[in-house]
Structures are given as structure tokens and as C-alpha cells.
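Take this structure first; my questions come after.
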Amino acid sequence: MNLQHQDELYMRRCLQLARKAEGNTFPNPMVGCVIVHDERIIGEGYHRKAGEPHAEVNAINSVKDQGLLKESTLYVNLEPCAHYGKTPPCSLLIRQKKIPRVVIGCKDTFSKVAGKGITMLRSTGIEVKTDVLKDESRELNRRFFVFHEQKRPYILLKWAQTRDGYMDIDRTVLEEARPTWITDDWARRMVHKWRSMEPSIMVGSITALKDNPSLTVRDWSGKNPLRVVLDRFGKLPHTLTLFNGETPTLVFSEEGTTASENVETIFLPPQANPLTSVLDELYRRDIQSVMVEGGSILLKTFLEAGLWDEARVFTGEKWFVSGIEAPVIKQKPLSWEKFGNSRLFIYRNKSLS
């Protein structure tokens, strides 16, 4: 096996390890690390949770014979950090252990790292190879990179639609305002899994009023996301489930206040773009991604503004004939798969690629 193939092989293992912590590392990225001596893995680890040791530390500590580190190669899918945060710099630890060769998946564009880790390693004669499976490494941590490079959260749109392109029937009478299910329990369970993996979830006032959603994780294990509600004119009643204080909730409004524990109102300037105001506030709070589960109006507003990174669309077998039309994405899906009684289509915003 030549060196390039060998480097790619071990980098794929790094990505596998990193993915084990999906949904648990925010605001940190997912990172896996493998240490190889004489074409044999002698240590590996991954970053399990924000505030805990980084992948490089866990991998180095897993090596039984520490003397072998001086003759080994360390693989990691993201540039080792070079700054003091909740943990010491990983680049410094690598130098102290005298590891002679480091292979990196992609550079870290976070301002406190941004090449400083590579410079720290090379300054003591360590051989550093970068951009091995770069695209795959950036893809894994796409939320992290969008957040730091575009100064906003990664925006994930999600909805379900019928085969004839409707999201809902026409529910104009409030007393009849009950959700109309298009998909089955399998899809609902997957959506709850997604919720557990994103730090925030957003709906608009129409969805909040008609569906009275909880926006929590119930059919999956994991932490509830921060609930974000866009209620520009403060018309939502405080009796809605979203205001029960069960989990932290932000309400963006030009007027009115909420009166519940664990619920915070963020004032929207009347002339400001509400989407920009929401995204700026989430960025300020270090929220790296938001899953938008809103109705047709909110989803279309994001799409028309080009403010989205990914869309996940379930298409069920039902036909509504008339009702609330679903948004239309004018590009081919990145992928699709059969999912219970529906098909799941994944889109990426090509204009941002």
C-alpha cells in the first residue's frame, strides 16, 4: 500500500471515530484521531463532548507503550488546536510527545486556530501533511465551518409533503386546527433523532398556533434543542406548549412579552429583517445550527432569501388535491432514500457551494 492510500485509510478511521459524538460536541467540532506505528494502529480516540479532552489527548493517552509515539504518525481530521480554552493546546501536547509526523484532514478556520496549530507543529521540525480527505473532513463539520466562516448558524430546512406537493390541508377554522400527518412513525422518530443532534429548532407563529408543537425529543434519546419562535406581532397565547418552560425557548417579537420561566423574549426592531435578526442572535449565543420546522411561509422566506444550507424533505404517499402548497426547490436532490411509507430527499444549497 502506498503512502497516499495509507494516509486516506487511517483518515477514514478518524472520520468514523469523530462521527460517534455527533450531536454532543457543540460548539466544538467532531474530531477523531488515530495513531499508527509500523502500519499498525496503537491508539485512537475522539472528542466526546464539549469541555472534555480533545481527540488527540484521548488517542495519545490510549497508547500503552508511550515510547512508540516518537516513531509514529498521528492522524486527525481537523487541525490540532493551538490555544488555551477549557483544555490545553493539542499541538503543544503533540510536540511534547515528540510525534514526528502528523496528517490532517483539513485546516481549522476558527480564528483562534486558523493555521496556528500547523505552524506550531512545523516550528519544531514535525512533518505535517494537510488536506487528506479534505472534502469529507469539511463535510463532517459543515455546521462548524459555516458558523465560523459565514458568521451565522447552519440552516437546515425540514418539511413533509404529499405526492401532489401539499404540506397541509386548508385549516382556516381554529377549532379544526389539528396536524395532518403525511408520514409515519418511522419518519417521526427520525425527525426526533435530528432534533437531538441540532442545538436549536425554529417555527413561525402560524405553525405554533395551529399545531401547538412541543419541538422536543420524545421518540429518541438526547437533549432537547433550544426552541426558537418567530412571533413578530406578539399574538401567540401564553397557553401554548412552547411556553411551558420545559426547555429553553427564545421568542422573537416586535411587541409583547412572554410570562413564563425558561422563556425569553428578544425584541425585533420594526424595520429590521426578522430572519437576519434571529440568525445574528443565535450566532451571538454560539448556536451553530438551526433546524427550521416552520410552515410554508417561513420555509419559503428562507428559500427565497437564499438563507439555507440543507433541506430534508419527506414525500409521503398521500394526496390532498388542494391545501397549503409546499415550497419548491429548483434543483435536483443530492440524494434520496425510501423511508417507511415515504421518500426522504436531501438537498444542498448549490448557490453557497
Side-chain angles (χ1 to χ4, degrees), residues 26-27 143 146-159 167-168 171-172 174 177 179 194-195 198-216 224-311 324-327 349 351-352:
F26 293 121
R143 294 164 180 78
V146 165
F147 182 82
H148 289 292
E149 294 172 6
Q150 299 190 33
K151 310 303 179 185
R152 64 162 174 81
Y154 183 90
I155 302 167
L156 168 61
L157 309 180
K158 171 265 164 186
W159 73 86
M167 290 182 64
D168 200 354
R171 294 185 284 156
T172 56
L174 184 59
W194 292 341
R195 288 179 182 178
E198 305 297 338
S200 69
I201 185 169
M202 180 180 181
V203 294
S205 57
I206 296 177
T207 298
L209 187 61
K210 286 189 173 183
D211 293 351
N212 192 20
S214 298
L215 302 185
T216 54
N224 290 330
L226 170 72
R227 299 187 294 202
V228 179
V229 186
L230 182 58
D231 180 24
R232 291 187 63 182
F233 306 111
K235 294 184 177 180
L236 293 178
H238 296 167
T239 55
L240 292 177
T241 304
L242 288 171
F243 302 138
N244 63 10
E246 176 185 357
T247 192
T249 303
L250 298 182
V251 182
F252 289 81
S253 180
E254 292 180 13
E255 53 186 279
T257 59
T258 53
S260 175
E261 184 180 358
N262 226 14
V263 179
E264 180 182 355
T265 298
I266 307 297
F267 178 71
L268 280 176
Q271 304 303 320
N273 182 318
L275 295 190
T276 301
S277 296
V278 171
L279 296 177
D280 287 348
E281 181 65 22
L282 294 181
Y283 177 78
R284 187 183 71 79
R285 292 172 181 255
D286 218 16
I287 304 297
Q288 285 190 4
S289 67
V290 57
M291 184 163 73
V292 181
E293 282 199 35
S296 177
I297 294 177
L298 183 60
L299 290 165
K300 287 178 180 177
T301 302
F302 273 101
L303 287 167
E304 290 168 2
L307 272 174
W308 65 286
D309 299 286
E310 182 176 346
I324 307 300
E325 293 184 353
N349 190 348
S351 66
L352 298 179

Where is the tightest heavy-atom contact between Pro213 and Thr207, given as atom of each residue plus distance?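 Looks like CD-O, 3.7 Å.
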Checking the side chain of Glu310 only, and the main-chain atoms of Leu156 only, is there a donor and an acceptor separated by less than 3.5 Å?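 No, Glu310 side chain to Leu156 backbone: no donor-acceptor pair under 3.5 Å.
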Determine the sole option in Leu298, Leu230, Leu275 for which the side chain to side chain contact (heavy atoms under 4.5 Å, CB included) test with Val292 is passed.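 That would be Leu298.
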The criterion is ring-ring contact (aromatic ring centres under 6.0 Å, His included); which residues satisfy it with Phe267, sequence neighbours excluded?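 Applying ring-ring contact (aromatic ring centres under 6.0 Å, His included) to Phe267 gives none.
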Cut-off 3.5 Å, side chains only: do Asn224 and Thr216 have a donor facing an acceptor? no
Contacts of Ala272 that satisfy side-chain contact (heavy atoms from CB on, under 4.5 Å) - sequence neighbours left out: Pro269, Ser277
Pairs touching residues 290-302 that satisfy side-chain hydrogen bond (donor to acceptor under 3.5 Å, both in side chains), sequence neighbours left out: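 Those involving residues 290-302 are Arg195-Glu293, Ser296-Lys300.
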Which residues satisfy the side-chain hydrogen bond (donor to acceptor under 3.5 Å, both in side chains) test with Arg227, sequence neighbours excluded? Asn244, Thr249
Using every non-hydrogen atom in the two residues, find where Ser200 and Leu282 come nearest and quote the distance to one decimal. OG-CD1, 4.2 Å
Mind checking whether Tyr283 and Phe147 have parallel, tilted or perpendicular rings, split at 30° and 60°?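 Geometry flag for Phe147 against Tyr283: tilted rings.
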Give a yes or no on whether Leu268 atom CG has more than 12 heavy-atom contacts from other residues, nucleotides or ligands under 6.0 Å away.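 More than 12 within 6.0 Å, yes.
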Is Asn212 reaching over with its side chain to a backbone N or O of Leu240, donor-acceptor style, under 3.5 angstrom?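 Judged by distance alone, no pair lies under 3.5 Å.
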Which residues pass the side-chain hydrogen bond (donor to acceptor under 3.5 Å, both in side chains) test with Trp194, not counting sequence neighbours? none
Of all pairs that satisfy salt bridge (charged side-chain N to carboxylate O under 4.0 Å, His left out), the ones with a partner from residues 231-242, not counting sequence neighbours: Arg232-Glu254
Least distance between heavy atoms, Glu255 atom then Phe233 atom: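 Shortest heavy-atom contact: CG-O, 3.6 Å.
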Salt-bridge contact Lys158-Glu198 (side-chain N to carboxylate O under 4.0 Å): no
